[in-house]
Amino acid sequence: WKRPNADNENPLLARDVTRRDIELQELASYWHEAAIAGANSPGASIAYYSFDLRGFHFRGERPWVLRWEMLSGTVSFRGKTIVELGCNMGLLAINVHFAGASSVIAVDHSRSILDVATKVARLLGAPVDFRLVDFDRDENWETTLGDGDLVSALSLTYWLSDKDRLWRYLARFPEVIFEGHEPSDEIEERFSSLGYSYTRLGISERARIVFHATRNA
């Protein structure tokens, strides 16, 4: 992490620190934990998301602000029960809480990155229910997670052996937010076959389309 335009400055190491400074130090340590957790691009020792808070920039592969602006500009989370699949550092789960979600479950298969996500959520004051799930190996994880109003699966299917199983779970929700590695026409065919209408929210910085789908009445 660093302060923008001040590469040689480290004001958090000053002797007289405030509670806010201490919180930023804690957040910096969590970003370091995320960087070494192995829950990012193979071989990349960097956190999955970059994040800005109170004038400080925490380095990551993908700028979180672009992701959130794309989603929050179109999708309403207020009053909804949310399930995030493949949550990584938990930033989506944390933000939908503050956007008015009634409850949030966030899931990942990596215990180390879930530990980071739990710490970040606690520091920022978001009561997210984090759960450890292996989508290919765990039995009955669908029943354990249950249903809700909206489910997200962002950049997840590439890492799964049984993609059909995941899609069957997504189909239990009235709303789906989805970013996949598959060709866009394949994703659109999936949504249509499951009885959803969909819109393209935009293109991610990885040149992949992000979809918002709603079940047809």
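By convention here, the first residue in the shown sequence is residue 1.
Of the possible polar contacts, one joining the K80 side chain to the S76 backbone as a donor-acceptor pair under 3.5 Å is found. Under a 3.5 Å cut-off, the side chain of S193 and the backbone N or O of R190 do form a donor-acceptor pair. Formation of a donor-acceptor pair under 3.5 Å by the D149 side chain with backbone atoms of T81 is found in this model. Checking side-chain atoms of Y196 against main-chain N and O of E175 turns up no donor-acceptor pair under 3.5 Å. Remark: side-chain polar atoms of D136 are paired, donor with acceptor, to backbone N or O of S161 under 3.5 angstrom. Proximity of a side-chain donor or acceptor of D108 to a complementary backbone N or O of N88 within less than 3.5 Å is detected. Between the side chain of R208 and the backbone N or O of I203 there is no donor-acceptor pair closer than 3.5 Å.
In summary, the aromatic rings of F51 and W68 are positioned with their centroids too far apart to meet the 6.0 Å limit. In this structure, the ring of W141 has its center less than 6.0 angstrom from the ring center of Y169.
F211 and I82 sit in two unconnected hydrophobic clusters of ILVMFWY residues. Membership requires side-chain heavy atoms under 4.5 Å apart, directly or through other members. By the criterion of side-chain heavy atoms lying less than 4.5 angstrom apart, applied directly or through intervening Ile, Leu, Val, Met, Phe, Trp or Tyr residues, F191 is not grouped with M70; the two fall into different hydrophobic clusters. Residues L150 and L145 do not share a hydrophobic cluster, clusters being chains of Ile/Leu/Val/Met/Phe/Trp/Tyr side chains in contact below 4.5 Å. Residues V96 and F130 share a single hydrophobic cluster, defined by chaining ILVMFWY side chains whose heavy atoms lie under 4.5 Å apart. One hydrophobic cluster, built from ILVMFWY side chains closer than 4.5 Å, holds both L132 and I113.
Put simply, the side chain of Y30 reaches to within 4.5 Å of the side chain of L123, judged on heavy atoms. Under the 4.5 Å side-chain criterion, counting only non-hydrogen atoms from C-beta, F56 is not in contact with L27.
A salt bridge does not link E26 with R122: none of the charged nitrogens is closer than 4.0 Å to a carboxylate oxygen. Of the charged side-chain nitrogens involved, at least one lies within less than 4.0 Å of a carboxylate oxygen, so that R200 and E188 count as a salt-bridged pair. For the pair E182 and K163, the salt-bridge criterion is not met [side-chain N within less than 4.0 Å of a carboxylate O]. A salt bridge does not link R206 with E179: none of the charged nitrogens is closer than 4.0 Å to a carboxylate oxygen.
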Point to revise | Worked check of salt bridge (Lys or Arg N to Asp or Glu O under 4.0 Å) between R172 and E142 | key: CA-CA 10 Å; R172 295 165 57 169; E142 300 92 334; 5.8 Å; no

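No more than 12 heavy atoms of other residues, nucleotides or ligands sit less than 6.0 Å from atom CD of E139.
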